[in-house]
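Working notes, beginning with the structure itself.
Note that the structure is a prediction, hence the values are computed from the model and not measured. For the single chain, residues carry numbers from 1 onward in sequence order. Note that ligands are numbered from 1 as they come in the structure, with each ligand's atoms numbered from 1 the same way.
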Amino acid sequence: MPLVRYRKVVILGYRSVGKTSLAHQFVEGEFLEDYDPTVENTYSKIVTVGKDEFHLHLVDTAGQDEYSILPYSFIIGVHGYVLVYSVTSLHSFQVIESLYQKLHEGHGKTRLPVVLVGNKADLSPDREVQAVEGKKLAASWGATFMESSARNNQLTQGIFTKVIQEIARVENSYGQERRCHLM
Ligand SMILES: Nc1nc2c(ncn2[C@@H]2O[C@H](COP(=O)(O)OP(=O)(O)OP(=O)(O)O)[C@@H](O)[C@H]2O)c(=O)[nH]1
């Protein structure tokens, strides 16, 4: 029987950027038109990446801002993060920078498996954040960047496959560092 690995991933970002819509589109395959602020919600899905199966446990959080204090439950036992801003909101992009810093400190400044997502790409005419800025920010963290649209189901599957791959990539890089020290 194939081994199913458990992965806990937290989705974080400012209010109304589309965190719930992305998770819902990924798990239920539908777009939610109405805005209903989230308190906290969890989703589970078995995801196949290559030959491996993963039990992905997603935590969809309430919108955070630069003043939010992140609870320990967002740090302890979490394998990876999907950090979401809206391409139509510069403020949501600025909030992401501060959330990342808090997570980084919470994890003792170790490398974090992160996928940075610029959502609402279908609203490109109303853009306040260019793709190149998202790309640059993700690169500064050594993370992956994607633009998505929960409305058009653009890359919603790809985000969650990618975060599983990022978790493996970061874990492997630690393995390699450890091997280097032993030599
Ligand atoms: N055009 C467009 N609208 C979107 C997209 N994603 C989400 N929305 C809309 O944006 C609003 C907020 O979406 P949510 O998914 O509830 O956002 P959230 O980040 O979970 O919000 P909080 O619970 O406040 O943190 C809703 O009206 C969605 O229909 C998208 O990709 N494109």
Which heavy atom of the protein is the closest neighbour of [atom], given with residue, atom name and distance?
atom                    : value
atom 15 (O) of ligand 1 : S21 OG, 2.6 Å
atom 3 (N) of ligand 1  : F31 CZ, 3.9 Å
atom 21 (O) of ligand 1 : S16 N, 3.0 Å
atom 1 (N) of ligand 1  : D122 OD2, 2.9 Å
atom 16 (O) of ligand 1 : Y35 CD1, 3.3 Å
atom 6 (N) of ligand 1  : N119 ND2, 3.2 Å
atom 19 (O) of ligand 1 : K19 NZ, 2.8 Å
atom 27 (O) of ligand 1 : E33 O, 3.0 Å

[X] to ligand 1: N or O pair under 3.5 Å?
X    : value
S148 : no
G63  : yes
L32  : yes
A62  : no
R15  : no

In terms of heavy-atom contacts, does NZ of K135 have more than 12 from other residues, nucleotides or ligands at under 6.0 Å?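 Incorrect, the count does not exceed 12.
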Return yes when atom CD1 of I46 has more than 12 non-hydrogen atoms of other residues, nucleotides or ligands closer than 6.0 Å, and no otherwise.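 Yes.
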Nearest to atom 10 (O) of ligand 1 by heavy atom, E147, H24, K120: which?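 Considering heavy atoms of E147, H24, K120, the nearest to atom 10 (O) of ligand 1 sits in K120.
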Option set V17, T38, V39, criterion heavy-atom distance to atom 23 (O) of ligand 1, minimum: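 Minimum heavy-atom distance to atom 23 (O) of ligand 1 goes to T38.
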Which ligand 1 atoms, with their elements, are less than 4.0 angstrom from a heavy-atom of [X]?
X    : answer
P37  : 23 (O)
A150 : 6 (N), 30 (C), 31 (O)
L123 : 1 (N)

Do [X] and [Y] have side-chain N/O donor and acceptor atoms under 3.5 Å apart?
X    : Y    : result
S86  : S92  : no
N119 : S148 : yes
R111 : S173 : yes
E166 : T144 : yes

Compute both the distance and the angle, then confirm whether K45 meets the cation-pi test with F160: under 6.0 Å from the six-membered ring centre, within 45 degrees of the axis.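 The answer is no; the distance or angle limit is not met.
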Touching ligand 1 at all, S149? Heavy atoms, strictly under 4.0 Å?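 A heavy atom of S149 does come that close to ligand 1.
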Might you work through the salt bridge (charged side-chain N to carboxylate O under 4.0 Å, His left out) test for E147 and K120, ending with a clear yes or no? CA-CA 8 Å; E147 281 198 349; K120 305 198 184 183; over 6 Å; no
Between F74 and H107, ring centroids under 6.0 Å: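 Judged by ring-centre distance (under 6.0 Å), F74 and H107 do not meet the cut-off.
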Of I96, L99, L90, which meets side chain to side chain contact (heavy atoms under 4.5 Å, CB included) against Y85?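 Among I96, L99, L90, the one meeting side chain to side chain contact (heavy atoms under 4.5 Å, CB included) with Y85 is I96.
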Look only at the side chain of D65 and the backbone of Y67, and say whether a donor-acceptor pair between them is shorter than 3.5 Å.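 Judged by distance alone, yes, a pair lies under 3.5 Å.
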Relative to the ring of H57, is the ring of Y6 parallel (under 30°), tilted (30 to 60°) or perpendicular (over 60°)?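 The rings of Y6 and H57 sit tilted, inter-plane angle from 30° to 60°.
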